[in-house]
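This structure is a prediction, so every number in the text was calculated from the model and none was measured. Heavy-atom basis, side chains included; hydrogens, waters and symmetry copies ignored.
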Amino acid sequence: MPLALLALAVGAFGLGTTEFVMMGLLPDVADDLHISIPTAGHLVSAYALGVVIGAPLLAALTARMPRRTVLISLMALFVAGNALSALAPGYHWLLAARFLSGLPHGAFFGVGAVVATGLVAPERKARSVSLMFMGLTVANIAGVPVATLTGQHLGWRATFLGVSLIGVAAMAALALLIRRTDTPAPVSGLRGELTALRSLPVWLALATTVVGFGALFSAYSYITPMLTGSAGYADSDVTLLLALFGVGATAGNLIGGRLADHAMRGTLFGGLASMVVVLLLFPALMHTQWSAALAVTLLGVAAFVTGSPLQLMVMERAAAGPSLASSANQAAFNLANAGGAWIGGVALAAGFGTTSPAVAGAALAVLGLGVASVAFAVDRRGAAPSAGQERVVASHVPDPTELVRSS
């Protein structure tokens, strides 16, 4: 695999760290800025909103630019957003800075996935995407816990300064390891990118991302009350258990990338089906501590097996202009985050029990299988020649007896 993929992974590591670290810093930020925890929670939503808006917007605005330049520019915006977060004098300034930090997130992953697949042979495309995404999953193992501890001991502002330095390192890696000749300016431009989004298969692929990853976030958003309320873990143990989720996610991401290069559709169906099974087993697995730890790890594996095939499926369905569609898939991922958390919360508020968000997630995964099946049927119908085409082809095949007579 090209060393340039390492540069993309470093950028993904920084993005993953800043996205998820706010959850662990909420009490510290709330105390320092004299706001409530729910109000501080809007800082998480501000970042997600930035991703949803920024992913298609920035991909569209940079449609004619060389992709190497786009990636470095997006990472510069990321550095600025996190530096402004560290220097924010008050809550509303921090809210705006978090929104700014989220703007480049989806476009970086979207454009980065296009660059990654262009660096390797066709039979290694899914693996190249998974290696870039590995920076995101490793962030949950190392980046987020270290950044959280830094914030708790040195202050939350130090965390965002540290994340800015990761962004600077990513910019240097992108400039050094990705050659200009590897990322020429796209020939399709904005019109080609928008045309690609008119395709029904592209929208079905995006819908699969929303519903499939919605299943993950329905359960993962409420993993702490499950671990403390059902499995009996102490609050101080949750950070280590979330690192286990990161280990599972990293393994699932690498497995999914390798399998998807051989059977993309089969890997996607297998990942969604395994999510159904794991989430349905959650109520039983959360009764003991060891099985709860296993459940968290398996959830990471099952969910992220689908990451690379979903990203690659969107890009292939929008082959004429993949950057915008690929970035839109990252916006879909964040819509899944918000929608899944809401559905899991509805189940919890209805009094169905601490583990009910996992069962709701299993229902979403089943729905994801249904959407993926519809997408598969549409693809097959689009690929199959019509009866008229078959008759035309057949009419051009000469009869062997006629060839003999003519000779």
* To do: Could you check Leu77 against Leu58 for side chain to side chain contact (heavy atoms under 4.5 Å, CB included), going step by step and ending with a plain yes or no?
  => CA-CA 11 Å; Leu77 182 59; Leu58 293 179; 4.1 Å; yes
* Is the distance between the ring centroids of Tyr220 and Phe245 under 6.0 Å? -> yes
* Which pairs pass ring-ring contact (aromatic ring centres under 6.0 Å, His included) with one or both residues in residues 270-304, sequence neighbours excluded? ->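 Only Phe213-Phe304 qualify under ring-ring contact (aromatic ring centres under 6.0 Å, His included).
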* Taking Glu123 for its side chain and Asp261 for its backbone only, find out whether a donor-acceptor pair lies under 3.5 Å. => no
* To do: Could you tell me whether the side chain of Arg68 and the main chain of Ile178 form a donor-acceptor pair under 3.5 Å?
  => yes
* To do: Identify the two heavy atoms, one from Phe108 and one from Ala12, that lie closest to each other, and give their separation to 0.1 Å.
  => CE2-N, 3.9 Å
* Any idea which heavy atoms bring Ala97 and Ser85 closest together, and the distance? ->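 Answer, listing the atom of Ala97 first, then Ser85: CB-OG, 3.4 Å.
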Which pairs, with at least one residue in [range] and sequence neighbours excluded, count as a side-chain hydrogen bond (donor to acceptor under 3.5 Å, both in side chains)?
range            : answer
residues 103-112 : Tyr47-His105
residues 134-148 : Thr137-Thr250
residues 156-175 : Asp32-Trp156
residues 337-359 : none

* To do: Could you pull out all residues at least two apart from Thr18 that satisfy side chain to side chain donor-acceptor pair (under 3.5 Å)?
  =>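 Side chain to side chain donor-acceptor pair (under 3.5 Å) list for Thr18, sorted by chain: Asn82, Arg98.
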